[in-house]
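Remarks on the structure that follows.
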2 protein chains.
Amino acid sequence: MTITQLKYALAIAEHQNFTKAAESCFVTQPTLSTQIQKLEDELDIIIFDRGKKPIELTDVGRKIVFQARNIVNEAERIQDIVDQQKGFIGGEFRLGIIPTVMPTLLPMFLKNFIKKYPKVKLKIEELTTEEILTRINEGHLDAAIAATPLENENIKERVLYYEPFVAYIPDNHRLKDKKAIEVSDLDIEDMLLLEDGHCFRDGVINLCKTFKNQAEESFQLESGSIETLIKLSNEGLGMTLLPYLHTLDFREKLSHNLRHFKEPSPAREVSIIYHKSELKMQIIDAMHNVISGIIRGAIVFSNVEIISPLPK
Amino acid sequence: MTITQLKYALAIAEHQNFTKAAESCFVTQPTLSTQIQKLEDELDIIIFDRGKKPIELTDVGRKIVFQARNIVNEAERIQDIVDQQKGFIGGEFRLGIIPTVMPTLLPMFLKNFIKKYPKVKLKIEELTTEEILTRINEGHLDAAIAATPLENENIKERVLYYEPFVAYIPDNHRLKDKKAIEVSDLDIEDMLLLEDGHCFRDGVINLCKTFKNQAEESFQLESGSIETLIKLSNEGLGMTLLPYLHTLDFREKLSHNLRHFKEPSPAREVSIIYHKSELKMQIIDAMHNVISGIIRGAIVFSNVEIISPLPK
DNA sequence: TCACTTTGATAACAAAAACATATAGTTTTT
DNA sequence: AAAAACTATATGTTTTTGTTATCAAAGTGA
């Protein structure tokens, strides 16, 4: 049994296809076939059920692949130890970011980060929280930026900042003349929401439920982006809530529609999250430092109440 | 980096000597030299300081070897998973037993166990608790039988039985006429103890301290075996405490010197202990079942008070 | 200090393993 | 039924791993 064989098994389990798995490992398909056969021979057990199409794991196969993931992870930490020793902050670093954080946070820290750590090859993907969790667990992401707490036992969280919700009230709205909004003012009936899958949507729903246990699924309109939400709101279709950082570059025309909450303002907790194995922890530390340094200048609220990003 | 290379590194770290490590791996010394060089080249870091004699680990080397231990352990679990799947209870199983349990418990269960699980190649060693903990952590023991609780975060415990302390009172002793002993009767001044390193000794000392916070290091006599302890006691040198199982095969002549404690009788907790990685768990389960089945017939006490086996 | 031993490194070579190309044998799609 | 998509197998090449023989350096002891 070699680490290489285990990596091959992982790739096949993932792609459910020898040929594609071979590509992802940068070897030819017969190499995988023979190496997996050798592994199966040595253990004297069948890992993959080639009868099914696409290929499936046997019951033992599933356990073995799970354990193989552990072994490969632990093996990668050897390089990590060496990097740490050398004070080397570099190599590939795959970062996921949720859609409602991506457009505001990324421009703020990216330039600083790549300047300070030029040896890190950043690969950034916009992903929903759910996709992020899967990929971190499967080892396809090194870390991610998401709303927390997530209560996932395999994943650790390190808070970056607390981002207050800000209300966007169109001109014709019943709350137009209020200077400061309260949570009890909110009514999910005239609230514009992001479409399903966005945790910011779930946060808003949780917030609305704080005071009123409203009927679900009666939402009027849903959109895929916050920019659209604002436009829909301007059309008089209802109010909406925005993450604070989104409101920073509003022109006067728009910003006179903004209303902050009375303190303690509801807020989402935004964290850098990573697998509990703490692989590439130096880079995660570095990124945490850069981001929280930058945010310290941008968000000054102190008295906030954290709203859970989880549905239901 | 291969699992084999990591195993070689572990062997060298352990033996502090390439030649001996090579033997333990069943390869020649040049093989180790070149493989370790390859590993060091690949990681571009020095693991072993060949300047020192005997050879020493560098600082990074220590971390790498620690991680290598994890990886090798996790890798061995693959075979474990396969064994579990096949319901196979077999292979080498290295068991440590503390001296004060060995002579009484081993004869009781060994025959049964090898009859029931003939494919397990048992390697049993008599070791002190301290030696056991080191060896389990270094992966040289699969499990051990020892007095617990040990409060060691790397080691899990599964209780086998509670074994009461029994007093052995020689004819001329002040407590001779008492039918049932109480803890408050005990005085460490006239108590014969096992020599240092035995946890049973520490248990007795802890017990004596329950009521009197006596001066330490004023013990009269110490011995390496319980049999000698009894003989010394018969010479009028003091009383002593014995583990219950040791008293079962006493002839009448000896057993009239025995005094049980008033309930709740002080007792030691005897457990099968193993590394938290739960390697070879099927065999540990099997052994636990055999032993506790046999003990159920031999120890009938229910109301006991557990005495810690740890010094101080 | 001078043999002598111990121990790790190196060279040369043999054996084994890993991988590629080419191709055959299945199953699935169309 | 033909084509396409996949995996297995045969064969040869390259790479890796291991062995034996030998060397160099450090430590040991008379």
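Naming convention: chains lettered A, B, ... in sequence-line order (proteins, then strands); numbering from 1 in each chain.
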How about I136(B) and Y274(B): do any of their side-chain heavy atoms sit closer than 4.5 Å?
no
When rounded to whole Å, the CD1 to C1' distance for the pair I55(A) and dT27(C) reads 12 Å
Can you check whether R50(A) has a side-chain N or O nearer than 4.0 Å to OP1 or OP2 of dC6(D)?
no
State the NZ-OG distance between K156(A) and S271(A), to the nearest 0.5 angstrom.
14.0 Å
How would you label the contact of T19(B) with the nucleic acid (heavy atoms, under 4.0 Å): base, sugar-phosphate, or nothing?
sugar-phosphate
Please determine if a side-chain N or O atom of N17(B) lies less than 4.0 Å away from the OP1 or OP2 oxygen of dT7(C).
yes
Quick one: does Q29(B) reach the base of dA9(C) with a side-chain donor-acceptor pair under 3.5 Å?
yes
Closest to the side chain of T4(B), out of dT7(D), dA18(C), dG18(D), is dG18(D)
Whole-Å distance, E42(B) CD to dT17(D) P, equals 10 Å
Hey, is the main chain of E92(A) close enough, under 3.5 Å, to the side chain of R94(A) for a donor-acceptor pair?
no
Would you kindly give the CD-to-P distance between E23(A) and dT7(D), to the nearest whole Å?
11 Å
Rounded to the nearest 0.5 Å, how far apart are OG1 of T34(A) and OH of Y8(A)?
8.5 Å
Closest to the Q37(A) side chain: dT9(D), dT17(D), dA20(C)?
dT9(D)
Using the side-chain heavy atoms of V27(B), tell me which of these nucleotides is nearest: dT19(D), dG8(C), dA20(C).
dT19(D)
Please check the phosphate of dG18(D) (OP1 and OP2 only) for any side-chain N or O of T34(B) closer than 4.0 Å.
no
Using a cut-off of 6.0 Å, state whether more than 12 heavy atoms not belonging to F88(A) lie near its atom CZ.
yes
Rounded to whole Å, CD of E56(A) lies from P of dT7(D) at a distance of 13 Å
What does F48(B) touch in the nucleic acid at a heavy-atom separation under 4.0 angstrom: a base, only the sugar-phosphate, or nothing?
nothing
Counting just side-chain N and O atoms, does S33(B) come under 4.0 Å of either OP1 or OP2 of dA9(C)?
yes
In whole Å, I'd like the distance from the CG atom of D41(A) to the P atom of dA8(D).
12 Å
Roughly what angle, to 10°, lies between the helix axis at the start of the helix from dT1(C)-dA30(D) to dT30(C)-dA1(D) and the one at its end, five pairs per end?
30°
Considering residues, nucleotides and ligands other than E130(A), do more than 12 of their heavy atoms fall under 6.0 Å from its CD?
no
Tell me, do R77(A) and L279(A) make a side-chain contact under 4.5 Å, heavy atoms counted?
yes
Spacing between K7(B) atom NZ and dT17(D) atom P, to the nearest angstrom
14 Å
Testing dA20(C), dT7(D), dT19(D) for proximity to the side chain of P30(B), the answer is dT19(D)
Take atom CD1 of I47(A) and atom C1' of dA8(D), then tell me their distance rounded to the nearest Å.
17 Å
Is T28(B) near enough to dT20(D) that one of its side-chain N or O atoms lies under 4.0 angstrom from OP1 or OP2?
no
Where the side chain of Q35(B) is concerned, which of dT7(C), dA10(D), dT17(D) is the nearest nucleotide?
dT17(D)
Polar side chain donor-acceptor pair, D83(B) to Q79(B), under 3.5 angstrom:
yes
Output the rounded distance in Å from CD (Q16(B)) to C1' (dT6(C)).
16 Å
